[in-house]
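Worksheet for the structure shown next.
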Amino acid sequence: MGRITVRRPVLRLSTSGARGRRPDTLAVEEPLEIRVAGKPLTITMRTPGHDFDLVAGFLAAEGVIGGAADLATMRYCADTAEQNTLDVALAPGVPPPDDSMTRAFTTTSACGVCGKSSVEALRDDRPYDVAADPLRLTPEVLAALPGRLRKAQRVFDRTGGLHAAGLFDAGGGLLALREDVGRHNAVDKVVGWALRQGRLPLAGTVLMVSGRASFELTQKAMTAGVPVLAAVSAPSSLAVDLAEDAGMTLVGFLRGETMNVYTGAERIAL
């Protein structure tokens with residue numbers, strides 16, 4: 001696992017009076033500085049691993065790139081002691097990020113809307129017609145997704161401290177899964193994987209997330225062309241508004257045999 005997990009000593013206590021010291025496994029959280037053509041763009045806190053997917057997904061969500069052809073190279077910078085700085089070279093003709101995107105502050109692993117200058121800009125950033133996606137699902141397929149996501153969370157089993165995002169096909173088959181301390185990073189890693197594989201837009205797929213469905217995660221799914229976003233917890237009001245505007249299906253509280261369908265119920269075959 002490398003730097004994905006670390007061991008730290010803890011004092012284990014119980015109300016019964018029992019106590020003892022033991023090692024505990026923690027999920028690593030480290031900064032990643034993203035540069036474009038050598039110019040610092042932002043710093044995000046993430047769990048190391050799949051960094052190229054993370055950066056590609058982040059740049060896609062920000063509208064800097066639209067596909068794998070827009071990326072020339074990605075490499076870790078040799079002037080840093082560890083692999084915590086990644087420099088991106090865009091393909092010829094691809095304009096660099098606007099200066100308004102550059103953020104000198106650190107993006108935390110629990111950030112909200114990170115890059116866009118306004119909610120209106122996020123609403124208008126729709127490279128794919130998600131509403132036209134003909135995907136249809138049964139409640140049984142949706143109900144099986146949390147268990148399949150959880151079963152594939154290998155690092156969570158060791159730490160209990162990571163979010164997950166899983167991409168599934170119409171039959172509930174797992175296409176890709178990524179874990180991270182940040183729920184938005186986990187989604188960026190999945191989208192970046194798809195972009196680098198030439199699979200955008202992600203038509204006919206379901207994006208399953210282990211936490212809540214925020215506005216930002218809904219925007220990232222929409223930008224990648226995902227027609228269905230499902231979460232084990234609640235969506236925010238703005239997430240529901242965006243999903244409805246975009247023609248996405250948004251499912252929350254997907255637990256056991258029950259779920260709440262907030263938008264796009266026509267995609268669920270009852």
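Heads up: numbering here begins at 1 and tracks the sequence.
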### Task
List the atom of Gly66, the atom of Leu200, and the distance in Å for their closest heavy-atom pair.
O-CD1, 4.4 Å
### Query
To the nearest 0.5 Å, what is the distance between CG (Leu167) and CZ (Arg199)?
7.5 Å
### Task
For Thr5 and Leu26, indicate whether the former's side chain and the latter's backbone hold a donor-acceptor pair under 3.5 Å.
no
### Query
With a 4.5 Å heavy-atom cut-off, do Val181 and His163 have their side chains touching?
no
### Heavy-atom closest contact (Ala213 atom, Leu250 atom, distance)
CB-CD1, 4.0 Å
### Summary
Minimal heavy-atom distance between Ala91 and Ala69, with the atoms involved, is CB-O, 3.2 Å
### Task
Apply side chain to side chain contact (heavy atoms under 4.5 Å, CB included) to Thr258 and Phe253, showing your working.
CA-CA 8 Å; Thr258 63; Phe253 292 108; over 6 Å; no
### Task
Ignoring hydrogens and angles, tell me if any N or O in the side chain of Arg136 forms a donor-acceptor pair with the backbone of Pro134 under 3.5 Å.
yes
### Message
So, taking the atom named CG in Leu202 and the one named CH2 in Trp193, what distance separates them when rounded to the nearest 0.5 Å?
### Response
7.5 Å
### Message
Determine whether Asp188 and Arg183 satisfy the following criterion, salt bridge (Lys or Arg N to Asp or Glu O under 4.0 Å), listing intermediate values before the conclusion.
### Response
CA-CA 9 Å; Asp188 277 343; Arg183 59 174 63 90; over 6 Å; no
### Query
Any donor and acceptor pair, going by atom type alone, linking the side chain of Ser233 with main-chain N or O of Arg212 inside 3.5 Å?
no
### Query
Can you find a heavy atom in the side chain of Thr249 that is under 4.5 Å from one in the side chain of Leu229?
no
### Task
Output all residues satisfying salt bridge (charged side-chain N to carboxylate O under 4.0 Å, His left out) with Asp70, sequence neighbours left out; order by chain, then residue number.
none
### Task
Find the distance between OG1 (Thr85) and CZ (Arg35) and round it off to the nearest 0.5 Å.
5.0 Å
### Summary
Residue pairs passing the side-chain hydrogen bond (donor to acceptor under 3.5 Å, both in side chains) test with at least one member in residues 169-179, sequence neighbours excluded, are His50-Arg178, Asp53-Arg178
### Task
Return the set of residues passing side-chain hydrogen bond (donor to acceptor under 3.5 Å, both in side chains) with Gln197 (not counting sequence neighbours), or none when no residue passes.
none
### Message
Walk me through whether Thr47 and Asn185 qualify under side chain to side chain contact (heavy atoms under 4.5 Å, CB included).
### Response
CA-CA 9 Å; Thr47 299; Asn185 287 340; over 6 Å; no
### Query
With a 4.0 Å cut-off, would you call Arg46 and Asp51 a salt bridge?
yes
### Summary
Minimal heavy-atom distance between Gly211 and Ala231, with the atoms involved, is O-CB, 3.4 Å
### Query
Between Lys189 and Gly49, is there a donor-acceptor pair closer than 3.5 Å when you use the side chain of the first and the backbone of the second?
yes
### Task
Output, in order, the C-alpha distance, side-chain angles, deciding distance and verdict of side chain to side chain contact (heavy atoms under 4.5 Å, CB included) for Lys39 and Asp99.
CA-CA 10 Å; Lys39 181 179 179 181; Asp99 288 340; 2.9 Å; yes
### Message
Checking Ala186 now: which residues fulfil side chain to side chain contact (heavy atoms under 4.5 Å, CB included) with it, not counting sequence neighbours?
### Response
Ala165, Asp180
### Task
Write down the atom of Gly225, the atom of Pro201, and the distance for their closest heavy-atom approach.
CA-CB, 4.2 Å
### Message
So, using salt bridge (charged side-chain N to carboxylate O under 4.0 Å, His left out) as the criterion, who are the partners of Arg150 when residues are at least two apart?
### Response
Asp157
### Query
Closest approach of Thr223 and Ala60, non-hydrogen atoms and distance?
CG2-O, 3.6 Å
### Task
Without swapping roles, check the side chain of Thr263 against the backbone of Met248 for a donor-acceptor pair under 3.5 Å.
yes
### CD on Glu30 to CG on Asn84, rounded to 0.5 Å
4.5 Å
### Summary
For residues 249-269, the salt bridge (Lys or Arg N to Asp or Glu O under 4.0 Å) pairs (sequence neighbours left out) are none
### Message
Could you work out, with side chain to side chain contact (heavy atoms under 4.5 Å, CB included) as the rule, every residue matching Arg7, not counting sequence neighbours?
### Response
Pro23, Thr25
### Task
Applying side chain to side chain contact (heavy atoms under 4.5 Å, CB included) between Val64 and each of Leu90, Leu41, Leu71, report the one that passes.
Leu90
### Query
For Leu177, which fellow cluster members are found when Ile, Leu, Val, Met, Phe, Trp and Tyr are connected by side-chain heavy-atom distances below 4.5 angstrom, either directly or through intermediates?
Leu135, Leu137, Val141, Leu142, Leu145, Leu149, Phe168, Leu174, Val206, Met208, Val228, Val232, Val251, Leu254, Met259, Val261, Ile268, Leu270
## Note on the structure
To the nearest 0.5 Å, atom CD of Glu33 lies from atom CG of Leu86 at 10.0 Å
### Query
Which residues pass the side chain to side chain contact (heavy atoms under 4.5 Å, CB included) test with Thr73, sequence neighbours left out?
Ala89
### Task
Using ring pair (Phe, Tyr, Trp, His ring centres under 6.0 Å) as the criterion, list what pairs up with Tyr128, not counting sequence neighbours.
none
### Task
Mind checking the CD-CZ spacing from Gln219 to Arg126? Nearest 0.5 Å is all I need.
10.5 Å
### Summary
Taken in chain and number order and not counting sequence neighbours, the residues that satisfy side-chain hydrogen bond (donor to acceptor under 3.5 Å, both in side chains) with Asp87 are none
### Message
Run Ile43 and Leu32 through side chain to side chain contact (heavy atoms under 4.5 Å, CB included) and show every step you take.
### Response
CA-CA 5 Å; Ile43 297 174; Leu32 177 68; over 6 Å; no
#### Entry: side chain to side chain contact (heavy atoms under 4.5 Å, CB included) partners for Ser14, two or more places apart
Ser16, Ala18
